[in-house]
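Sequence lines set the chain letters: A, B, ... in the order given, protein chains first and strands last, and positions in each chain run from 1.
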Number of protein chains: 2
Amino acid sequence: MSKSVGKTSTVEAEASTKREQILTAASRVFLTQGYRGTSMEMVAKESGAGRQTVYNQFASKKALFDDTLALLWEKMSVDRIVSRTGSDRSPEEALLEIGNAIADFWVPENTVAFLRMVIAESIHFPELADSFFTFGQGAARRAVTEYLSMLRETRALEVLDPELAAAQFIGLVNEPLLSSRVVDGGKAPSTVRRRRVVHEAVRTFLARYGTDKHSASPRHGSEPRR
Amino acid sequence: MSKSVGKTSTVEAEASTKREQILTAASRVFLTQGYRGTSMEMVAKESGAGRQTVYNQFASKKALFDDTLALLWEKMSVDRIVSRTGSDRSPEEALLEIGNAIADFWVPENTVAFLRMVIAESIHFPELADSFFTFGQGAARRAVTEYLSMLRETRALEVLDPELAAAQFIGLVNEPLLSSRVVDGGKAPSTVRRRRVVHEAVRTFLARYGTDKHSASPRHGSEPRR
DNA sequence: AGAGCATTGTACTGTACAGTCTAGTCCAGA
DNA sequence: TCTGGACTAGACTGTACAGTACAATGCTCT
């Protein structure tokens, strides 16, 4: 509030604001314990602040939760996936890039924990699920759909139903990499593994939808270097 | 306990045992509200029984939860998916059957609610996630993997990595049908939609892994009848 | 040093809930 | 009609927690 160089301003380095300390602590606790499993006491302890300070910064538990989600959401940015769809490369290269963006998106443990939490709390906070679907999953799907539609019009691919094809492509990438991590607490796949899965996803996808037979080698050509 | 025709035995028809009444009520409440969101009071109300009776039948809330899960689990039976993998039909027909079994598995609202709940409670009850992964998702994946391995050995398909291919196939089916339902509360897809998605999944899969070019029609052949 | 403000710990209120206890009710079978 | 066992309702205990009130303790800037 203080207009000039507020009290806690060590040039805002390191520990940043108390508020942010609390927020990052809250994100840790909420992500591991869920909404109902988290008490204000726990957040206070985790952040090193007093419980009263937490209430000083956030009107209620729900308010803290909302702001925490906003912070997490901000850090994720689906944009990295969406932006890859504008490229002017060959379909194969572009799909590799999009696929890698999708695969990399889920690498940080927090991202998976976030998904888990969205699913868990979607019953009690439907708007959370809505926004996730609209801006997350849905956005990615729409971007891929649009990209495929474009490729259809330029006859670069033979896609009859771009929406379904987009879902297929995402499924080819996500199912091998993600599904076990959501339900079980599996470890994030290595870079090599991710690259390989994406490579295979693109190969399979193009085997079906490619016009010029991209799958250059009739048998099983270029494995990505192990 | 009573050796002969116990008291509540209207030939055990209709309302069945009090215990079962409570269990089915509990499954409704747990599935919609989650573990922490469910109180013994709610279960009692929902089942029409007194709270004390609930405690009479189940030692604790956790015990009730476990038994409820066992009941739900029993009703689901992944066997329907696994058993389809033994067929002696052509790969195309077999894959269609397996794919349809997977797609149909998720039709009942309860199945999706169950998955949602497993994800939600997996933090607090890791053994729940474990058993789900082992006997549910994992079992299906293993069955498909084995089937593909077999096809590889008989040279019916050109599958280098049956495990990855199995995950791909499941992803081709599940992502278009399931992912939006888990996070959002979307409605179950129609039979027509399911058949179509599975058909497309098989087409894509075989375009990549088929030996004789199954995708008989070079362009886009047999659409399933709309 | 002193004023002002954020921070903090502690205590308090109200609520929700698991789990127990008890007294009363209903029903079957003798 | 009597007896025994299950069912029910209500009161009660103990705990956990959201949210508030308040008094004490710093820190910063002047």
Which parts of residues 26-44 of chain B get close to DNA chain C, meaning a heavy atom less than 4.0 angstrom away?
B:T38, B:S39, B:M40

Qualifying residue for side chain to side chain contact (heavy atoms under 4.5 Å, CB included) with A:L128, from A:I123, A:I119, A:V118:
A:V118

Could you tabulate the donor-acceptor pairs under 3.5 Å formed by side-chain atoms of residues 37-45 of chain B, not counting sequence neighbours?
unit_1	atom_1	unit_2	atom_2	d
B:T38	OG1	B:G34	O	2.6
B:S39	OG	B:M42	N	3.1
B:E41	OE1	B:R51	NH1	3.1

A:A139 to A:V82 - nearest heavy-atom pair and separation
O-CG2, 4.3 Å

Short side-chain donor-acceptor distance under 3.5 Å, B:S179 and A:R141
yes

Measure from CZ on B:F65 to P on C:dG19 and round the result to the nearest Å.
14 Å

Is B:K18 near enough to D:dT8 that one of its side-chain N or O atoms lies under 4.0 angstrom from OP1 or OP2?
yes

Could you work out, with side chain to side chain contact (heavy atoms under 4.5 Å, CB included) as the rule, every residue matching A:E146, not counting sequence neighbours?
none

Between residues 46-58 of chain B and DNA chain D, which residues have a heavy-atom gap below 4.0 Å?
B:G48, B:A49, B:G50, B:R51, B:Q52, B:T53, B:N56, B:Q57

Between side-chain atoms of residues 99-108 of chain B and protein atoms elsewhere (two or more places apart, or another chain), which donor-acceptor pairs fall under 3.5 Å?
unit_1	atom_1	unit_2	atom_2	d
B:N100	OD1	B:R195	NH1	2.9
B:N100	ND2	B:L96	O	3.1
B:D104	OD1	B:R194	NE	3.1
B:D104	OD1	B:R194	NH2	3.1
B:D104	OD1	B:R195	NH1	3.4
B:D104	OD2	B:R195	NH2	3.4
B:W106	NE1	B:N174	OD1	3.4

Within residues 23-33 of chain B or reaching into it, pairs that qualify as side chain to side chain donor-acceptor pair (under 3.5 Å) - sequence neighbours excluded
B:R28-B:E46

Might you point out which heavy atoms bring A:L115 and A:L178 nearest each other, and give the distance in Å?
CD2-CD2, 4.3 Å

For B:K61 and C:dA16, give me the distance from atom NZ to atom P, rounded to whole Å.
15 Å

